[in-house]
Asks: 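Let me begin by handing over the structure; questions about it come next.
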Amino acid sequence: MNLAGFRLLPGRLDGAAQRRLSDEVMALAAEAPPYRPVTPSGKPMSVAMTNLGPLGWITDAKGYRYDAAHPLTGRPWPPIPRLLTALWAELCDALTPADCCLVNLYDASAKMGLHRDFDEADFSFPVLSVSLGDTALFRLGGLRRSDRTGQIRLASGDVVVLGGEARRAYHGVDRIIPGSSRLIAGGGRINLTLRRAAPA
């Protein structure tokens with residue numbers, strides 16, 4: 001795909017950084033247990049989710065939105081790891097920090113339908129995505145759901161920036177490839193997406 005503002009940085013995180021980050025994220029997730037949210041239409045998602053940072057993205061019968069507390073525990077979300085805040089400052093915006101890191105946990109059967117990240121206050125800030133674990137077959141389209149799409153393999157350690165025109169593009173995950181990484185015990189994929197949800 002040739003969308004302005006789309007950047008793929010293959011292997012941006014080396015093996016040691018991947019291990020350190022995955023261990024830290026899973027330790028933080030113990031404080032904010034991953035759960036399978038339900039869309040406003042009542043459909044359970046196949047991906048388990050949690051959040052890190054001042055705000056977290058949630059979905060339920062009331063709609064899609066950001067909230068400062070875990071919907072099941074009522075507690076604030078744990079902090080975003082320094083490795084991720086440094087990556088955001090380097091690749092996205094050194095002055096305005098990301099205030100949400102959505103943690104998506106994929107097992108062998110999980111996928112993510114075409115969607116746009118459209119609940120943030122200011123679309124001039126990009127979305128930064130970090131892949132850990134099994135390879136994902138990522139699908140990227142255009143500004144309309146009916147636009148042509150293409151498939152991109154995202155392996156462990158790959159980083160994607162969706163900025164500019166690509167910030168509003170439809171995207172999703174067709175599936176993951178089980179056994180393609182040994183990073184996560186038992187297999188699976190962790191996808192970390194940093195974004196600026198509140199006004200700067």
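Along the sequence shown, residues carry numbers from 1.
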Asks: Could you go through Arg189 and Ser131, starting from their C-alpha distance and side-chain angles, then the distance that decides it, and tell me whether this counts as side chain to side chain donor-acceptor pair (under 3.5 Å)?
Replies: CA-CA 7 Å; Arg189 175 181 186 246; Ser131 294; 2.8 Å; yes

Asks: Are Tyr35 and Pro37 close enough that some pair of their side-chain heavy atoms sits under 4.5 Å apart?
Replies: yes

Asks: Donor-acceptor pair, Thr96 side chain versus Asp93 backbone, under 3.5 Å?
Replies: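 Looks like no, no N/O pair under 3.5 Å.
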
Asks: Determine whether a donor-acceptor pair (N or O, by modelled atom type, separation under 3.5 Å) exists between the side chain of Arg82 and the backbone of Thr85.
Replies: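 Side chain of Arg82 to backbone of Thr85, a donor-acceptor pair under 3.5 Å: no, none is there.
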
Asks: For the CG atom of Leu87 and the CG atom of Leu21, what is their distance to the nearest 0.5 Å?
Replies: 9.0 Å

Asks: Among pairs that include at least one residue of residues 14-25, which meet side chain to side chain donor-acceptor pair (under 3.5 Å), considering only residues two or more places apart or in two chains?
Replies: Gln18-Ser156

Asks: Are the side chain of Asn191 and the backbone of Leu105 linked by a donor-acceptor contact shorter than 3.5 Å?
Replies: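 Checking the backbone N and O of Leu105 against the side chain of Asn191, no donor-acceptor pair under 3.5 Å is found.
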
Asks: In terms of relative ring orientation, are His70 and Trp77 parallel, tilted or perpendicular, with 30° and 60° separating the classes?
Replies: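 His70 vs Trp77 ring planes: tilted.
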
Asks: Only one of Asn104, Asp119, Asp67, Asp117 forms a side chain to side chain donor-acceptor pair (under 3.5 Å) with Trp57, so which one is it?
Replies: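 Passing option: Asp119.
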
Asks: Cation-pi check, Arg167 to Phe123: give yes when NZ or CZ is under 6.0 Å from the six-membered ring centre and within 45° of the ring axis, no otherwise.
Replies: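 Because its charged atom misses either the 6.0 Å distance or the 45° angle limit, Arg167 does not stack over Phe123.
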
Asks: Should the pair Asp174-Arg139 be classified as a salt bridge under the 4.0 Å nitrogen-to-oxygen rule?
Replies: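 Yes, Asp174 and Arg139 are salt-bridged.
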
Asks: Once rounded to the nearest 0.5 Å, what's the spacing between atom CZ of Arg65 and atom CD1 of Ile58?
Replies: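 So the gap between those two atoms works out to 3.5 Å.
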
Asks: Verify the cluster assignment for Leu132 and Leu28: are they in a single hydrophobic cluster under the rule of side-chain heavy atoms below 4.5 Å apart?
Replies: yes

Asks: Starting at CZ of Arg195, measure out to CG of Leu128 and round the result to the nearest 0.5 Å.
Replies: 10.0 Å

Asks: Quick one: does Glu165's side chain have a donor or acceptor within less than 3.5 Å of a partner on Ala4's backbone?
Replies: yes

Asks: Examine distances only and state if a side-chain atom of Asp158 and a backbone atom of Leu154 form a donor-acceptor pair shorter than 3.5 Å.
Replies: no

Asks: Going only through I, L, V, M, F, W and Y residues with side-chain contacts under 4.5 Å, is there a path from Leu192 to Leu183?
Replies: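 Linked within one cluster.
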
Asks: Counting distance only, does the side-chain N/O of His171 pair as donor-acceptor with the main-chain N or O of Phe138 below 3.5 Å?
Replies: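 Here the side-chain-to-backbone pair does not exist.
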
Asks: So if you build clusters from Ile, Leu, Val, Met, Phe, Trp, Tyr with side-chain heavy-atom gaps below 4.5 Å, do Leu84 and Leu55 land together?
Replies: no

Asks: Check for a donor-acceptor pair, side chain of Arg145 on one end and backbone N or O of Tyr170 on the other, with a separation under 3.5 Å.
Replies: no

Asks: How long is the span from the CG atom in Leu91 to the CG atom in Leu9, to the nearest 0.5 Å?
Replies: 6.0 Å

Asks: Quick check: does any side chain N or O of Asp99 sit under 3.5 Å from a backbone N or O of Ala198, one acting as donor and the other as acceptor?
Replies: yes

